[in-house]
Protein chains: 2
Amino acid sequence: MGKVTSKRSGVLELAVLGLLDGSPMHGYELRKRLSSVLGAFHAFSYGSLYPCLKELLGRGLIAEEEADPSPRARAGRRSRIVYRLTAEGKDRLHELLSEAGPTSWDDDGFGVHFAFFGQTRADVRLRILEGRRSRLEERMEAVRAAFARTRERVDSYTLELQRHGLESVEREVRWLNELIASERQRDTGAASQPRPDETDPGQRQSTYKA
Amino acid sequence: MGKVTSKRSGVLELAVLGLLDGSPMHGYELRKRLSSVLGAFHAFSYGSLYPCLKELLGRGLIAEEEADPSPRARAGRRSRIVYRLTAEGKDRLHELLSEAGPTSWDDDGFGVHFAFFGQTRADVRLRILEGRRSRLEERMEAVRAAFARTRERVDSYTLELQRHGLESVEREVRWLNELIASERQRDTGAASQPRPDETDPGQRQSTYKA
DNA sequence: GTTAGCATGTAAGGAGTTACATGATTTT
DNA sequence: AAAATCATGTAACTCCTTACATGCTAAC
């Protein structure tokens, strides 16, 4: 009945809402931020971004900005459409940030969720980090098993590829272990509050690697 | 006019042809090999594999095996369909293995191409490795640029994500550098043969990492 | 005043997943 | 003979990309 259109992925929706929560922006700028935040993980094209913005607008999660802070738009039409998050958009953002499902463990989803960890509850952060780790460990086990089964029969390039892949995943697991340890540390000390909702803007310098 | 159906991706096609060139296999087995060869890079589901096999069959690149080496199939119907590469399939495989285009530089494509480097000409190998490296270096530059622009304004989680992403890419570039150096080394010494087509099964132990 | 880059958008379609459906073979 | 796993297949659907189309704005 009320089905607006398609769902436009959870990942892009979260990324857009999260970025607009920081500050209002127009699409072009948004896309640059996406590329830099997701960086090595993923990049979106305009062909998915603009339709997504339209849909979010239709759902009332974002709205066009009225203001023209500097009088650049001469008359009538402005060429840049600046979007801001509505109250409903903020609600939806917090809803998405509370979800620690499988979509927050895969390659794309994890990157986006992690990027907004500053706005995410501590318990959800931990669940996502641990979920991601399990996911990677499963993958490693599968590869290692196949590795053992076929070791003799594959040429050295295939072997080298598997070795490098495995090493990359192992590296990410170690990274996650450090992050998880670091999360646990800050949890002890402050009793497990049901919903801390820490705004904590930039206090925490990286204890992880240094 | 002769358009059979859709293209079913170049990546899957190459992977299937390459694996079947090794030895005939049925779909289920093929999929396991795919997961292990591509490992950390990508995995395909049956929903894409079986349609692909059908299409390759229709194009005459693969064929169903006649043989039943062990009399396991009792009567009439066999439950496993074993595919083998046809002569046309071998041609197509060599054609795909000679291509060093953009598809061999992205995440999925590179993994598959690399897995079959043993069947790839030396000059093509080098072009692919160098193409992949440029691609990664472009990405790094973009991220670094954005990094410099927004450094102050982002919270520590976003920063940590960018740092980790950048480090992962840097690691792969170093890996590629070693591979490229190693390729260049074996090129000098043997004059540049037009088509060496070295079968070289497992001679070459990893000089890269040790 | 024209090239280059900013900015927005759309239509067509490619690529693969999920979920489902079904049967054969092996293990318990 | 029930349960697990092997094995094959399909339809609907999700999601994103490519290629195109258009106009504004700044620099040369």
Side-chain angles (χ1 to χ4, degrees), chain A residues 3-16 25-35 38 41-58 62 64-65 68 70-83 101-103 106-109 112, chain B residues 3-16 25-35 38 41-58 62 64-65 68 70-83 101-103 106-109 112:
Chain A
K3 254 180 61 182
V4 182
T5 37
S6 54
K7 258 285 198 50
R8 289 298 160 205
S9 149
V11 181
L12 228 192
E13 180 182 348
L14 173 55
V16 168
M25 253 176 277
H26 58 275
Y28 199 83
E29 176 70 18
L30 214 36
R31 198 230 180 194
K32 280 193 294 188
R33 297 286 186 100
L34 278 175
S35 305
L38 302 186
F41 289 87
H42 197 66
F44 293 97
S45 62
Y46 297 118
S48 47
L49 177 56
Y50 284 116
C52 175
L53 286 171
K54 252 198 173 170
E55 191 223 315
L56 293 178
L57 194 63
I62 62 177
E64 298 186 12
E65 276 271 313
D68 39 274
S70 57
R72 20 182 42 245
R74 271 210 298 276
R77 273 279 282 145
R78 67 199 169 313
S79 71
R80 299 144 64 112
I81 304 175
V82 176
Y83 295 99
T103 48
D106 68 29
D107 294 313
D108 290 349
V112 178
Chain B
K3 252 180 64 182
V4 183
T5 38
S6 54
K7 258 284 199 50
R8 290 294 162 207
S9 147
V11 181
L12 228 191
E13 182 182 347
L14 172 55
V16 168
M25 254 177 276
H26 57 275
Y28 198 83
E29 175 71 17
L30 214 37
R31 197 228 180 197
K32 280 193 294 187
R33 298 285 187 99
L34 278 175
S35 306
L38 303 186
F41 288 86
H42 197 64
F44 292 98
S45 62
Y46 297 117
S48 49
L49 177 57
Y50 284 115
C52 175
L53 286 170
K54 251 197 174 171
E55 190 224 314
L56 293 178
L57 194 63
I62 62 177
E64 299 187 11
E65 276 270 311
D68 38 272
S70 56
R72 21 186 37 251
R74 271 209 300 275
R77 271 280 281 144
R78 67 196 169 315
S79 71
R80 298 144 66 112
I81 303 174
V82 176
Y83 295 99
T103 49
D106 67 29
D107 295 312
D108 290 351
V112 178

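Below, read A as the first sequence line, B as the second, and so on, with proteins coming before strands; counting in each chain starts at 1.
- Contact annotation: B:Ser48 does not reach the phosphate of C:dA15 (side-chain N/O to OP1 or OP2, under 4.0 Å).
- Here A:Tyr50 reaches the OP1 or OP2 of C:dT8: one of its side-chain N or O atoms lies under 4.0 Å away.
- Distance B:Glu55 CD to D:dG9 C1': 16 Å, rounded to the nearest Å.
- At the phosphate of C:dT10, OP1 or OP2 sits under 4.0 Å from a side-chain N or O atom of A:Lys54.
- Closest non-hydrogen pair, A:His26 versus A:Ile81, comes out as CB-O, 3.2 Å.
- Taking atom CG of residue B:Leu14 and atom P of nucleotide C:dA15, one finds them 14 Å apart after rounding to whole Å.
- Annotation: cation-pi geometry not satisfied between B:Arg80 and B:Tyr28 (NZ/CZ under 6.0 angstrom from ring centroid, within 45° of ring axis).
- Rounded to an integer number of Å, the gap from CG of A:Asp106 to C1' of D:dC15 is 13 Å.
- The distance between atom NE2 of A:His26 and atom C1' of C:dC6, rounded to the nearest whole Å, is 8 Å.
- At whole-Å resolution of the value, CZ in A:Phe44 and C1' in D:dT14 are 13 Å apart.
- For the pair B:Leu12 and B:Leu49, the minimum side-chain heavy-atom distance is below 4.5 Å.
- Atom P of nucleotide D:dA26 and atom CZ of A:Arg80 are separated by 9 Å, given to the nearest angstrom.
- For A:Tyr28, a side-chain nitrogen or oxygen approaches OP1 or OP2 of C:dC6 to under 4.0 Å.
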Full working for side-chain contact (heavy atoms from CB on, under 4.5 Å) between A:Glu64 and A:Tyr83:
CA-CA 5 Å; A:Glu64 298 186 12; A:Tyr83 295 99; 4.0 Å; yes
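- The separation between A:Glu13 atom CD and D:dT14 atom P is 14 Å, rounded to whole Å.
- Nucleotide C:dG5 holds its C1' atom 15 Å from the CD atom of A:Glu29, rounded to whole Å.
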